[in-house]
Protein chains: 2
Amino acid sequence: MQNSFTEENYLKIIHALSGRDGVEVSTNALAESTSTRAASVTDMLRKLAEKGLIHYKKYQGVTLTESGEKVAIKVIRKHRLWEVFLVEKLGFGWDEVHDIAEELEHIPSEVLVEKLDAFLGHPKFDPHGDPIPDAKGNLTEPDYLILTDVQVSEKVLMMGVLDHAPSFLQHLDRSGITLGAVIEVKEINEYDKSASVQINGGPTLFISLEVSKNLLVQRR
Amino acid sequence: MQNSFTEENYLKIIHALSGRDGVEVSTNALAESTSTRAASVTDMLRKLAEKGLIHYKKYQGVTLTESGEKVAIKVIRKHRLWEVFLVEKLGFGWDEVHDIAEELEHIPSEVLVEKLDAFLGHPKFDPHGDPIPDAKGNLTEPDYLILTDVQVSEKVLMMGVLDHAPSFLQHLDRSGITLGAVIEVKEINEYDKSASVQINGGPTLFISLEVSKNLLVQRR
DNA sequence: ATATATTTTTAGGTTAGTCTAAATTTTTTA
DNA sequence: TAAAAAATTTAGACTAACCTAAAAATATAT
Ligand SMILES: [Mn+2]
Ligand SMILES: [Mn+2]
Ligand SMILES: [Mn+2]
Ligand SMILES: [Mn+2]
């Protein structure tokens with residue numbers, strides 16, 4: 001039987017909140033992420049548990065079962081492929097595609113996904129640097145650093161973002177910080193941890209700790 | 001306020017059943033087309049009337065209001081543009097795209113539709129020969145003939161289909177009858193109105209009245 | 001023109017997904 | 001470790017979209 005939009009969204013969110021080590025996700029965290037109330041979450045959890053998509057013991061939080069994980073990864077695959085389409089083919093900015101992909105990700109049809117994937121040239125990453133699961137459901141999260149972990153005078157490559165909010169992405173656009181940019185940390189301010197960074201050997205700019213915390217980078 | 005998938009489907013179907021001259025559509029016809037029961041249709045009609053999308057007087061059938069017509073045409077525009085995308089860009093057959101477009105047509109976002117339209121090169125017709133409404137909502141139905149109206153020895157161009165069923169479209173594929181094909185009527189059988197037609201000056205084949213009734217053509 | 005058949009609406013229910021308020025369980029604090 | 005706080009679940013309701021069965025309106029046929 002088919003899963004509803006709502007069920008798919010829950011599974012995707014549980015996957016995200018559960019993290020790499022599959023830690024239990026709380027009812028309140030889900031209520032927050034789904035913009036619903038805790039009571040509504042409890043109802044949905046009972047249903048997902050009945051369908052065998054999550055492990056759920058009252059008051060103990062939830063994790064995905066293997067079959068729930070499979071569904072979540074399929075949705076993530078579709079979400080990220082559609083984002084690539086919107087940016088690469090239709091010319092949207094990386095700050096504009098999230099909400100649209102949030103709808104497109106629920107269009108059913110295996111063959112649609114696979115044809116889309118081929119049309120896009122089997123991309124490995126979405127416009128925000130997030131890895132795209134392959135057709136078999138393998139999703140390997142690269143081991144990126146957060147910019148706050150980088151020392152003064154180190155040069156790193158910008159690989160992704162943790163915050164996907166349009167306002168953050170637009171801020172990066174204005175600063176010239178795009179995927180693949182070379183970031184050299186020139187100075188870190190002891191007081192507030194703000195940093196002075198040079199982008200692509202060009203302009204130097206100040207970024208707040210808030211920004212540094214949301215930038216995924218990689219040593220070269 | 002936003003219209004639901006269900007409401008959009010009703011409006012689209014009312015538009016189709018209402019035809020060019022905007023004739024009243026009956027509750028039963030809608031029940032048939034939506035695969036629901038008449039009682040369910042009545043419920044929905046009351047709601048659509050309250051929203052000002054249809055003209056509805058009990059027992060008298062319904063027609064679209066101007067605002068309902070606008071919504072219907074937007075949905076049709078999206079449906080047909082997505083079908084072009086699926087066929088032209090993703091390589092689907094014209095017999096495979098209807099159900100997927102039936103979902104994609106409900107994705108909201110004006111800008112998405114306009115960017116998709118531009119990406120596709122502002123197509124005027126969908127893969128079944130149906131006209132695509134423009135961004136302003138203008139939809140002009142071309143004046144095609146049905147193949148049954150064509151006399152023996154006339155040559156016509158294949159312009160579209162009335163039946164969109166996969167089985168019918170696959171049958172046309174096997175017969176080599178594609179959009180743009182030249183069809184010359186060689187002979188019409190008096191008894192069952194089946195016909196002998198030559199396709200693109202090449203092979204001659206027999207087609208039943210059932211097929212002829214569903215082929216839209218144009219004199220050259 | 002009246003009786004019969006058909007169509008449509010109303011009445012009363014169901015399910016999915018949501019809500020608020022109250023009860024219960026778990027966690028934290030003193 | 002008992003009391004207070006926080007998190008979670010339960011109880012009871014709501015809306016959208018559907019259903020069946022019965023009633024009412026319209027159309028058809030004698
Ligand atoms: Mn979603
Ligand atoms: Mn993304
Ligand atoms: Mn539809
Ligand atoms: Mn079509």
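Quick caveat, the model's predicted, so the values are computed rather than measured. Proteins get letters first, then strands, A, B, ... in listed order; numbering begins at 1 in each. Heavy-atom basis, side chains included; hydrogens, waters and symmetry copies ignored.
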Report the residues that fulfil salt bridge (charged side-chain N to carboxylate O under 4.0 Å, His left out) with [X], sequence neighbours left out, ordered by chain and then residue number.
X: B:Asp143; answer: B:Arg20
X: A:Glu187; answer: none
X: B:Glu88; answer: none

* Contact pattern, 5' to 3', of nucleotides 6-16 of chain C - B, S or - by protein heavy atom under 4.0 Å -> -SBBB-----S

* Pair listing, ring pair (Phe, Tyr, Trp, His ring centres under 6.0 Å) test, anchored in residues 54-81 of chain A, at least two apart ->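 Of all non-adjacent pairs touching residues 54-81 of chain A, those that pass ring pair (Phe, Tyr, Trp, His ring centres under 6.0 Å) are A:His79-A:His98.
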
* Nearest whole angstrom, please: distance from the C1' of D:dA7 to the CG of A:Leu30. =>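 It is 13 Å, rounded to the nearest whole Å.
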
* **Protein-nucleotide distance (A:Arg37, atom CZ; D:dA6, atom C1'), rounded to Å** => 16 Å

* **Sequence neighbours excluded - salt bridge (charged side-chain N to carboxylate O under 4.0 Å, His left out) pairs with any residue from residues 55-75 of chain A** => A:Lys74-A:Glu110

